[in-house]
Amino acid sequence: MSYKETKTLDNRINLIEIENNCKNFWETTEVYRYDNTKTREETFIVDTPPPTASGSLHIGHIFSYTQTDVVARFQRMSGKTVLYPIGWDDNGLPTERRVQNYYNIACNPSVPYDANFKPEHIENDKSPRKEVSRKNFIEACETLIASDEGVFESVFKNIGHSYDWNIKYSTISPKTIRVSQESFIDLYEKGYVTSVESPTMWDVTFQSAVAQAEIEDKEVAGFFHDIKFKVEGTEDYITIATTRPEFLPACIAIVAHPDDERYQKYFGKKAIVPLFETPVDIVPSEHAEKDKGTGIMMVCTFGDAADVAWWKQSGLPLKQIIGHNGCLMDVEFGKGAFVSNNPEKANEVYSQLKGQKVTKAREILVNMLRDNGILANEPRPLTHMVKFYEKGNQPIEFVTSRQWFVKLLDKKEAMIEAGRQIKWKPSYMQHRYEEWVKGLNQDWCISRQRFFGVPFPVWYKLDSYGNPDYNNPIVAERSQLPVDPMTDVPTGFSEDMRGCPNGFIGDKDVMDTWATSALTPQIALDVVNNDALTIPFDIRPQAHDIIRTWAFYTIAKAVMHSKTIPWKEILISGFILDPDRKKMSKSKGNVVTPQHLIDNYGADPIRYWASRARLGIDTALDEQVMVQGKKLVNKIFNASKFVFSMVENSALKGSINYESHITNPMDKSWLNKIEAMMQQATSNFVTHDYASALELIEKRFWDFCDYYLEIVKKRAYSPTDTSAVASLMKTIDTFLKAFAPFCPFITEEVYQCRPWGNITGSLHNTSWKKEDDFAGITASNSVLYDNASIITSEIRKAKTTANTSQRTAVSKIIISAPLELQEVLKEGIEDIINVGNLNLTALEFQVAPELSIGEISLDLEAVA
RNA sequence: GGGCGUUUAGCUCAGCUGGUUAGAGCAUCUCGUUUACACCGAGAGGGUCGGGAGUUCGAAUCCCUCAACGCCCACCA
């Protein structure tokens with residue numbers, strides 16, 4: 001497979017054609033294929049983030065993923081084989097939500113499977129959501145992600161990311177499910193994971209448990225309600241301020257600060273919950289603060305996280321009133337924990353609340369309080385922060401349910417230590433990680449009451465009454481994996497025993513999506529199946545918003561599974577902000593999609609834009625930088641074309657020996673700068689500072705176009721010269737490699753059309769730099785070239801000042817310089833005369849003892 | 001309330017192991033050019049480096065302090 005038929009550059013640049021040729025060439029010749037036969041030392045491993053495949057990519061993805069690609073490309077050209085997998089994070093709630101909306105269906109596990117059901121997308125479908133079986137729902141998810149992922153794949157290919165597409169995975173594939181279930185079993189066997197019945201943060205919209213990392217605070221308007229509680233055995237009332245009066249029926253205690261003078265006399269007494277006539281203890285507790293509200297508060301099960309903590313240490317019975325759907329459950333006063341002095345009245349009041357949503361119940365209850373004169377005054381408006389599930393639109397509630405938890409709180413030290421062994425770039429990002437770990441106050445709830453995810457490889461035995469024995473789960477054997485306990489059967493049982501007394505049931509929950517994506521290193525290793533490779537990987541690239549989730553959970557799992565770190569370095573990219581410096585997000589509606597920018601500017605210019613940004617720095621979207629990139633790409637094309645024409649014109653073609661041809665001091669002086677550039681760029685790249693490398697290379701490249709090329713072009717066109725032409729060839733070759741990680745398309749095009757040397761494969765499989773690249777062809781310094789460029793600049797300035805054309809001949813130049821410098825300059829006299837458009841006689845040197853080497857002063861005479 | 005970051009030309013950003021006159025691109029203005037490139041070239045103007053105080057022979061760079069903005073966390077009766 002050759003790159004293209006005619007190996008010449010077009011007269012004008014055609015980016016679309018170039019991009020298509022490259023994509024085709026790279027794919028058919030497998031330029032980016034990972035070599036599975038190499039050792040760990042010969043391999044560079046990237047723990048690529050699997051993007052959430054539901055929905056669309058935004059320009060921020062392209063930004064950060066391109067930065068990683070630049071790093072990976074450098075490593076590849078440095079002789080490593082690069083394990084650079086790509087995957088899709090397609091399990092979990094985002095996909096379910098998208099599927100629900102796209103096909104207008106909802107999953108109802110009690111509906112039977114319909115083999116003929118085909119999900120269909122109808123624009124603006126207003127009909128009621130069709131309920132389908134769990135299996136039909138999962139199939140619909142699979143259908144939609146297949147097409148979403150196709151779109152992602154083509155964008156990534158269009159932007160030139162060098163993934164090995166053979167190493168592609170998805171987090172819902174059977175292989176991944178096996179890895180994830182194996183992880184669960186390992187943690188279970190180590191005793192790190194347990195199932196616990198306890199109050200959990202619960203999203204009532206999705207009716208699922210959620211984890212601390214998925215919580216987002218939102219500012220919400222609400223009211224303070226001042227409610228009067230009678231103190232039993234006295235005529236006194238105490239006023240309690242609450243934002244959640246609907247929790248009155250679930251009140252378990254009244255607390256005030258132990259030092260609070262106002263309430264000392266009530267400690268040990270009971271307060272009567274109004275309307276429900278429930279006596280509750282008034283107790284001293286640090287939980288209350290003297291100067292907040294009225295200084296005295298009610299504890300309910302559960303108004304907030306603090307209530308949960310207080311309840312756990314109180315030993316008091318649980319009064320759960322919020323159901324899984326966010327409505328008030330059916331409870332009966334006078335029974336169990338729901339004590340009342342007047343159960344009849346309490347039940348009468350509660351009957352008006354039950355089945356209502358929280359907000360409606362609050363409204364009803366407040367009206368009843370007002371009507372009964374129990375409000376000390378009218379509700380006072382306030383805005384306060386309320387916890388939401390990050391993808392939900394109703395506040396989370398605390399609901400008691402059975403969930404699987406990974407014990408993390410006892411491993412904080414180990415996780416902080418692991419974080420310290422990883423090199424964070426930028427280094428201050430490690431702070432964020434440590435602060436998060438230190439602030440962790442809950443274990444990791446990994447079960448979700450959803451459908452499209454990794455099932456728990458667990459069943460429960462049923463006793464003779466049909467009750468599940470949650471304390472002794474039947475965990476799948478590793479050889480069985482992957483399993484779906486809802487359809488697969490545990491060893492020793494048969495399908496007809498499912499759901500029957502003395503039989504079994506499957507765990508119907510699925511895992512938190514992070515429980516699987518925290519295994520991306522293990523998933524990648526599983527895909528390539530090479531025993532020589534292990535964690536830690538070389539780099540983990542990711543954005544800073546998911547340090548608390550993805551980075552944290554990946555470290556946690558690596559520590560728990562193998563007591564090691566998952567990667568040596570973590571590269572944190574910044575965000576793309578919209579031009580008003582606001583974070584781009586779907587909810588703000590300011591998301592910019594990448595494909596039209598790629599279409600407008602071309603892939604290389606977009607990559608240039610991404611590569612200019614430093615790690616960790618948030619950057620405003622600025623198309624001016626893409627314009628700059630486009631100019632650079634255009635210049636690479638044109639300068640190369642120009643050099644090609646000189647090469648075609650000269651005798652130098654085929655294989656050349658640079659050392660014997662590059663003899664002119666001016667050329668050697670220039671190549672000294674090129675060699676220095678490559679050395680510096682290499683050391684920048686070694687620390688993943690691609691942006692500094694690019695800055696350096698770009699600066700030198702414009703220097704090349706503006707000065708060196710102008711200085712030597714006359715000589716290069718002369719039939720007797722070979723040095724300038726050879727030097728230009730070496731220069732172009734070097735720049736192509738230098739720009740290759742940043743602008744893979746244009747550099748490949750130019751490389752393939754190069755009229756010299758043997759071209760056997762892709763530029764991107766050539767070597768970035770060899771030890772002896774510049775042996776024998778560079779001067780020991782660049783004084784000659786530096787001064788020649790200063791003289792060139794001065795001549796141009798003089799002509800511009802004289803408002804005359806740059807082609808005008810200069811009649812005389814007097815250069816003042818120390819003698820040593822004059823000697824150096826005389827070695828490049830021919831080029832200096834050419835660039836000034838002078839006669840040989842018109843250049844004069846003057847001795848200037850006050851100047852030192854490297855300094856000149858110039859007198860131009862009579863620009864004619 | 002805690003942690004972290006940012007603040008440099010009209011805009012987007014470099015520079016910050018302290019050292020000549022603080023840089024680039026875009027934008028603005030002037031001039032030029034059509035055999036590498038109008039997706040062009042040559043040049044010019046434009047900044048008391050967020051404010052204040054300090055260390056130093058010397059500070060955009062180091063220390064302190066204040067402010068604005070952003071992100072994360074906590075509180076949220």
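Model, not experiment: these values are computed from the prediction. Order of the sequence lines sets the chain letters (A, B, ...), proteins ahead of strands, with each chain counted from 1.
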Within the 4.0 Å heavy-atom criterion, would you say [X] contacts the bases, only the backbone, or no part of the nucleic acid?
X	answer
Asp217(A)	base
Ala620(A)	sugar-phosphate
Ile13(A)	base
Lys387(A)	base

Within this structure, what is the [atom1]-to-[atom2] distance between [X] and [N], rounded to whole angstrom?
X	N	atom1	atom2	value
Trp310(A)	rC76(B)	CH2	C1'	19 Å
Lys713(A)	rA36(B)	NZ	P	6 Å
Trp609(A)	rA24(B)	CH2	C1'	19 Å
Lys630(A)	rU12(B)	NZ	P	23 Å
Ile215(A)	rC72(B)	CD1	P	14 Å
Ile636(A)	rC40(B)	CD1	P	14 Å
Arg380(A)	rC76(B)	CZ	P	16 Å
Asn638(A)	rG41(B)	CG	P	10 Å

Could you tell me how far [M] sits from [N] if I compare only their [atom1] atoms? Round to whole Å.
N	M	atom1	result
rG70(B)	rC57(B)	C1'	39 Å
rU61(B)	rU7(B)	C1'	15 Å
rC76(B)	rU56(B)	P	48 Å

Under-4.0 Å side-chain N/O to phosphate OP1/OP2 contact, [X] with [N]:
X	N	result
Arg807(A)	rU34(B)	yes
Lys631(A)	rC26(B)	yes
Arg12(A)	rC39(B)	yes
Ser640(A)	rC37(B)	no

hbond_proxy [X] side chain to [N] base (donor-acceptor, 3.5 Å cutoff):
X	N	value
Gln624(A)	rG25(B)	yes
Lys635(A)	rC37(B)	yes
Glu710(A)	rA36(B)	yes

With side chains defined as the heavy atoms from C-beta onward, is the minimum distance between Leu248(A) and Leu369(A) less than 4.5 Å?
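Side chain of Leu248(A) against side chain of Leu369(A), heavy atoms only: contact under 4.5 Å found.
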Is there a side-chain contact between Asp604(A) and Arg607(A) (heavy atoms, below 4.5 Å)?
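With C-beta onward as the side chain, the pair touches.
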Between Phe642(A) and Thr619(A), who's closer to the 5' end of RNA chain B by nearest nucleotide?
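Nearest-nucleotide comparison on RNA chain B picks Thr619(A).
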Nearest-nucleotide comparison on RNA chain B, the residue closer to the 5′ end among Gly295(A) and Asn803(A)
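So the residue in question is Asn803(A).
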Distance alone, cut at 3.5 Å: any donor-acceptor contact between the side chains of Glu623(A) and Tyr601(A)?
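Yes, side-chain donor-acceptor contact under 3.5 Å.
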Applying salt bridge (charged side-chain N to carboxylate O under 4.0 Å, His left out) to Arg262(A) and Asp260(A), what does each step give before you reach the verdict?
CA-CA 6 Å; Arg262(A) 295 169 292 179; Asp260(A) 197 327; 2.9 Å; yes
Any chance you could measure Thr301(A), atom OG1, to Ile252(A), atom CD1, to the nearest 0.5 Å?
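Answer rounded to 0.5 Å: 5.5 Å.
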Residues, nucleotides or ligands: over 12 heavy atoms within 6.0 Å of Lys230(A) NZ:
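Yes, the 6.0 Å shell around NZ holds more than 12 heavy atoms from other groups.
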